[in-house]
Amino acid sequence: MSYVEAADAPLRKNGKIKIYGPEAFEGMRKAGQLAARILDAIAELVKPGVTTAQIDTLVYEMTVAAGAQSATMMYRGYRYSVCTSLNHVVCHGMPNNKPLREGDIVNCDVTIVLDGWYGDSSRMYAVGAIPRRAERLIEVTYEAMMLGIAAIKPGAHVGDIGAAIQEFVEPQRMSVVRDFCGHGIGRVFHDEPNIIHVGERGQGPELVPGMFFTVEPMVNLGKPHVKVLSDGWTAVTRDRSLSAQFEHMLGVTETGVEIFTLSPKGYDKPPYSIA
Ligand code: MF3
Ligand code: CO
Ligand code: CO
């Protein structure tokens, strides 16, 4: 166990899902809104010729300016403030100095820590005009995330979320990645419960008001299989098909769900109409 994990150990996975109160909701709202504001700013930066390293700099500067920290910087040896997953990269892509090109699609995933609360969210970005199949993949992935979130209410089960996503994605001849999942979040980055993006209704833990977690499905145009490159981070589709992901962070409420990471500018999914 690294010292990072050891430091978190008292707060971490003991098999129990934490239940939070109103003050925690307020902390998560603020953290979620900072992550969402940073994702909005990325929408205004992304265009052909921009590098993912420039995106990383923007994220770092906005994080520091807000009095927050990056949760990913130095996390298990990761060295950036954002994950930038391009085209066939499924997740955990690392920023670099290669310019984005017209037709690329890229997921930017930001996790910040504000006043001890984690804010984790990601969106897809289109670089200029993109192919129709890439547009469809992004549409389906966004819709899949929102259908998964719509299944959340007290008394529902974690399996209902995965079932809603899988039942929507697979008939469109796209696939849901199995190797990465959503996660509980709060004062630690990755906590109970795991949110698997496939499943069966009624299975898994029951949802209770005060639970915090992410829904972050990864959808591939081809097969669901993933491999991690020798850098130890970059996960790509084995068949090199395009992959997309969206991520919201939310809390279960008495009546349903509160999404903490909604876009202040309404930049929900591309094409973002920049004001
Ligand atoms: N933000 C990712 C998530 O949704 C985790 C990134 S970990 C990193 O859980 F180290 F790669 F940044
Ligand atoms: Co996450
Ligand atoms: Co994330």
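Atoms within a ligand are numbered from 1 in the order they appear, just like the ligands themselves. Since this is a predicted model, take the numbers as computed values, not measurements.
Counting only distances under 2.8 Å, and ignoring water, the protein N, O or S atoms around the Co ion (ligand 3) are D109 OD1, D109 OD2, D120 OD1, E247 OE1.
With hydrogens left out, the protein atom closest to atom 9 (O) of ligand 1 is H190 NE2, 2.8 Å, a heavy atom. Ranking the protein heavy atoms by distance from atom 5 (C) of ligand 1 puts F189 CZ, 3.6 Å first. Of the protein's non-hydrogen atoms, W233 CZ3, 3.8 Å is the one closest to atom 8 (C) of ligand 1.
Inclusion of H183 in the first shell of the Co ion (ligand 2) is supported: an N, O or S atom falls under 2.8 Å.
A parallel orientation is assigned to the rings of F189 and Y118, their planes being inclined by less than 30° (bins at 30° and 60°). Below 30°, between 30° and 60°, or above 60°: for W117 and F212 the angle between ring planes is above 60°, a perpendicular geometry.
Interatomic distance, OG1 of T111 versus CD1 of I38, reported as 10.0 Å (0.5 Å rounding).
Less than 4.0 angstrom separates some heavy atom of T111 from each of these atoms of ligand 1: 1 (N). Remark: ligand 1 atoms within the under-4.0 Å shell around heavy atoms of H183 are 3 (C), 4 (O), 9 (O). Listed by atom number, the atoms of ligand 1 under 4.0 Å from C83 heavy atoms are 6 (C), 8 (C), 11 (F), 12 (F).
Compare D120, T72, T234 by their heavy atoms: the one nearest to atom 3 (C) of ligand 1 is in D120. Atom 1 (N) of ligand 1 has its nearest heavy-atom neighbour, among T214, V82, D109, in D109.
More than 12 non-hydrogen atoms from other residues, nucleotides or ligands lie less than 6.0 angstrom from CD of E206. Annotation for Y60: atom OH does not count as buried by contact number, only 12 or fewer foreign heavy atoms lying within 6.0 Å. For R133, the CZ atom is loosely surrounded, since the number of other residues' heavy atoms within 6.0 Å does not exceed 12.
Using a cut-off of 4.0 Å between Lys/Arg side-chain N and Asp/Glu carboxylate O, D104 and K98 are scored as not salt-bridged. Salt bridge status for K18 with D191: present, with a side-chain N to carboxylate O gap under 4.0 Å.
On a distance-only criterion, Y78 and ligand 1 share no N/O pair closer than 3.5 Å. At least one N or O atom of E247, backbone or side chain, sits closer than 3.5 Å to an N or O atom of ligand 1.
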Please test H157 against E200 for side chain to side chain donor-acceptor pair (under 3.5 Å), starting from the C-alpha separation and ending with a verdict. CA-CA 9 Å; H157 290 256; E200 278 176 52; over 6 Å; no

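If you look at H190 and Y75, their ring centroids are closer than 6.0 Å.
Between the side chains of S243 and N220, at least one donor N or O lies within less than 3.5 Å of an accepting N or O.
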